[in-house]
Structure formats: C-alpha cells, structure tokens
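Beneath this line is the structure, given in structure tokens, with notes to follow.
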Protein chains: 2
Amino acid sequence: MENKRELFQVLTRRFGLLNKNCCSIGAVDISSVQSHILYEIDKQTSPSMQQVAESIAMDITTFSRQIQTLIKMELVKKTPSSADKRVYILSLTVQGKFVATTIDESMNAYLEEVFSHMNEFERETVIRSIKLLNQAMSKSSVCCTPLL
Amino acid sequence: MENKRELFQVLTRRFGLLNKNCCSIGAVDISSVQSHILYEIDKQTSPSMQQVAESIAMDITTFSRQIQTLIKMELVKKTPSSADKRVYILSLTVQGKFVATTIDESMNAYLEEVFSHMNEFERETVIRSIKLLNQAMSKSSVCCTPLL
DNA sequence: ATATATTACTTGCAAAATGCAATTAACTAG
DNA sequence: CTAGTTAATTGCATTTTGCAAGTAATATAT
C-alpha cells in the first residue's frame, strides 16, 4: 500500500506551478487565480458572478474585487441581467478570450509534451484514470461538495 | 482527442480545495501553504531553509516569514547547522509532527474514500497512472524544472 | 399590497501573503 | 587578505484575503 497523498501532492504541486508559470501573455500579466477565473467564464455560458465564484470555491467578496481588476485590464465584461437586476452576467472581452485561449493552448502544449514521454497505451490509460478519479471525487461525500 | 487541460484543471482544483479544508486540527489553524511546508519538512531529512523553499517553489523571503510564523506556533524548530553557520536546519516539533501526521491521515482517509468508489482493478490502474504522470512530468523540459 | 426576509453584489476595514531590493553574516576562491 | 558567493533576514509597497456591514432588487408571507 503506497502513500496516495504523496503521489497527489507532487502531481498537484507540479500542475499548480505550471499554472503559475504560463500566465504571462505578452504584456498582460495574469495571476494563477485570475487564470482560473478566465477559464471558468469561458467555459460556462453566461454565468453570473455567484456561479463562477462558486465553481472555483472562492469567497464572493474577493471574487468581486478580482473581477474589478480584470475589468480594468479589459479582459472581462460585466453585463446587468435583464431578468434579475441584482445579477451581473460575466463574459470575456475579445482580448480576454484571446488571453484565455493562449493560456489554454500553452497548458495543453505542455501536457502534450508530458504525454509524449509515454507510449500510446500509457497515454490512454492515464487519461482514462484521470476521468475515473474525477468521477470518484465528485461522488465523494467527504470534500469538495460545493465544487463543480 | 479530449481536452487534457480540462481534466487536470478539475482534478487539481478539487485536490487544492481538499488541502484547504482539512487543515484545521483542533485549535491549530493551518493555511494550505503552511501545510505544504510541514509536509516537506517532515519528508526531507534535516533540510535547510533553501531546500524546503525550493522544493515547494516558494520565494525564499516569503518562506522565511512563514517559518517565523510556524515557529511562533511551535510547530517548527530551526537549528543552526554546525557545518555551515549560515544555514538553519528545519525540523518539526512534537506538536508539529502531530499536526503533520493528522493532516496526512485525513488526506489519506479522504483519498481512500475516493478510491472506494472504484473496483480493485480501477484503483490499481489509477495509482499506476499517477505514478506514470509524475515520472513523465519530471522528464519534461517545459516546466517545473526547479521542482522536486 | 405591504411588510419581511432573501439574494446578488459591493465596500470598509484589518490581517495575511507576496516579492523585489537591500542588508547581515558566513563561507569560498584567487 | 580581499573579493565574490551564498543563506537567511528585514524593509517596504503591493496584492490578496475574508468577515462584517451595506445597498439594491427580488421573493415570500401576512
């Protein structure tokens, strides 16, 4: 029986580091958190502030301020919802979309490079395993219930 | 070809969240970063400040201050090295060891719970996959070179 | 319909975390 | 012995964080 935590600790630390490193696109300097926010806005369809904040398990007040920053950077747009005047719909600006896409591409490029150190069989096994893990985690009751 | 980044994004976010949640042991309140520090000190043998800071890819000045905090909390001890008087050897106090062990146990308990949603074959496949991934990442040239 | 409670989001702090530049002390090399 | 490194600390100044409190809009109850 190996120490599972050790395996995960190393894996996630590496991935977190990657997230940190690859977030400077030209003149635009993006923090790791901001990259996560851009990612989620891009992924969801017309999300409200709450929705995005919740999906990355971030305090709403901190989130609100991060959004203000991203708006100043002209990466994010906040549109008042017509259905409910309390809520704001978040979306990426053209530049924001560009930044998000660029980050996504370099992340995937990195991952491709990582996977290039494996053979085809290993590649498929690993991908399937990560999916399995994600499924198992979402079934779990212990943690992460507010997440995703 | 699926989006690999998506899979990893979800996985690591969940794991990061877990790290955040499970870091309050009784009266002691530990931040996620501090938990990483305790983990590394526990894992390495008589490490210096530099060594630990580097292994978690943390700025040495921030690290220095975190260590000061952890010493005030009586979780970490700093012993001057006899070989080189510039360096300090880090170690856990009894209480620090206890906290580190408790965190480790609850992380592993959580992971056991996650793995309980799989059958034996899946479990082994997933574990092997994570190992493969870690190996591949350490071989990679793109990122994470300072790490581990 | 109108008073009450909820909800979505924003601000006011005050604490914590971060990182660059500069400093101190100790070691190493010429 | 002097000059150059290295390990670690401190001085800022900025950024991030999160609780408490506030505002405005919607939902619920009487």
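What separates CG of B:Asp29 from C1' of C:dA15 is a distance of 14 Å, to the nearest Å. Regarding A:Gln50, its CD atom lies at a distance of 8 Å from the C1' atom of C:dT7, rounded to whole Å. Between the NE2 atom of B:His36 and the P atom of C:dA17 there is a distance of 14 Å, rounded to whole Å. Regarding B:Phe63, its CZ atom lies at a distance of 9 Å from the P atom of D:dT9, rounded to whole Å. For the pair A:Lys85 NZ and C:dT10 C1', the computed distance is 19 Å after rounding to whole Å. Whole-Å rounding puts the A:Gln51 CD to C:dT7 P distance at 15 Å. The OH atom of B:Tyr88 sits 9 Å away from the P atom of C:dA26 (whole-angstrom rounding). Rounded to whole Å, atom C1' of C:dA17 lies 14 Å from atom CD1 of B:Ile67.
When the side chain to side chain donor-acceptor pair (under 3.5 Å) test is applied to A:Lys78, no partner is found at least two apart in sequence or on another chain. Listed by chain and number, the residues in a side chain to side chain donor-acceptor pair (under 3.5 Å) with A:Thr61 are A:Asp59 (sequence neighbours excluded). Every residue two or more places apart in sequence or in another chain that forms a side-chain contact (heavy atoms from CB on, under 4.5 Å) with A:Glu124 is listed here: A:Glu120. Residues satisfying the salt bridge (charged side-chain N to carboxylate O under 4.0 Å, His left out) test with A:Glu105, not counting sequence neighbours, are none.
Remark: B:Glu113 does not engage A:Lys139 in a salt bridge, criterion side-chain N to carboxylate O under 4.0 Å.
With side-chain heavy atoms closer than 4.5 Å counting as contact, directly or through intermediates, B:Phe121 stands alone and belongs to no larger hydrophobic cluster. Side-chain contacts under 4.5 Å among hydrophobic residues (ILVMFWY), followed directly or transitively, place A:Val87 together with A:Ile89.
Here the side chains of A:Arg65 and A:Thr69 are not in contact, with every heavy-atom distance at 4.5 Å or above.
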I'd like a list of close polar pairs between nucleotides 28-30 of chain C and the protein, N/O only, cut-off under 3.5 Å.
none

Quick one: which protein N/O atoms are closer than 3.5 Å to N/O atoms of nucleotides 15-22 of chain D? Pair and distance per line, please.
{"from": "D:dT17", "atom 1": "OP2", "to": "A:Gln66", "atom 2": "NE2", "distance (Å)": "3.3"}
{"from": "D:dG18", "atom 1": "N7", "to": "A:Thr61", "atom 2": "OG1", "distance (Å)": "3.4"}
{"from": "D:dG18", "atom 1": "O6", "to": "A:Arg65", "atom 2": "NH2", "distance (Å)": "2.8"}
{"from": "D:dC19", "atom 1": "N4", "to": "A:Thr61", "atom 2": "OG1", "distance (Å)": "3.2"}

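Pairs of residues two or more places apart, or lying in two chains, that qualify as side-chain hydrogen bond (donor to acceptor under 3.5 Å, both in side chains) and include a residue from residues 83-99 of chain A are A:Asp42-A:Lys97, A:Asp84-A:Arg86.
Residue B:Lys78 has a polar side-chain atom (N or O) positioned under 4.0 Å from OP1 or OP2 of D:dT9. Using a 4.0 Å cut-off, no side-chain N or O of B:Ser64 falls inside it from OP1 or OP2 of D:dA8.
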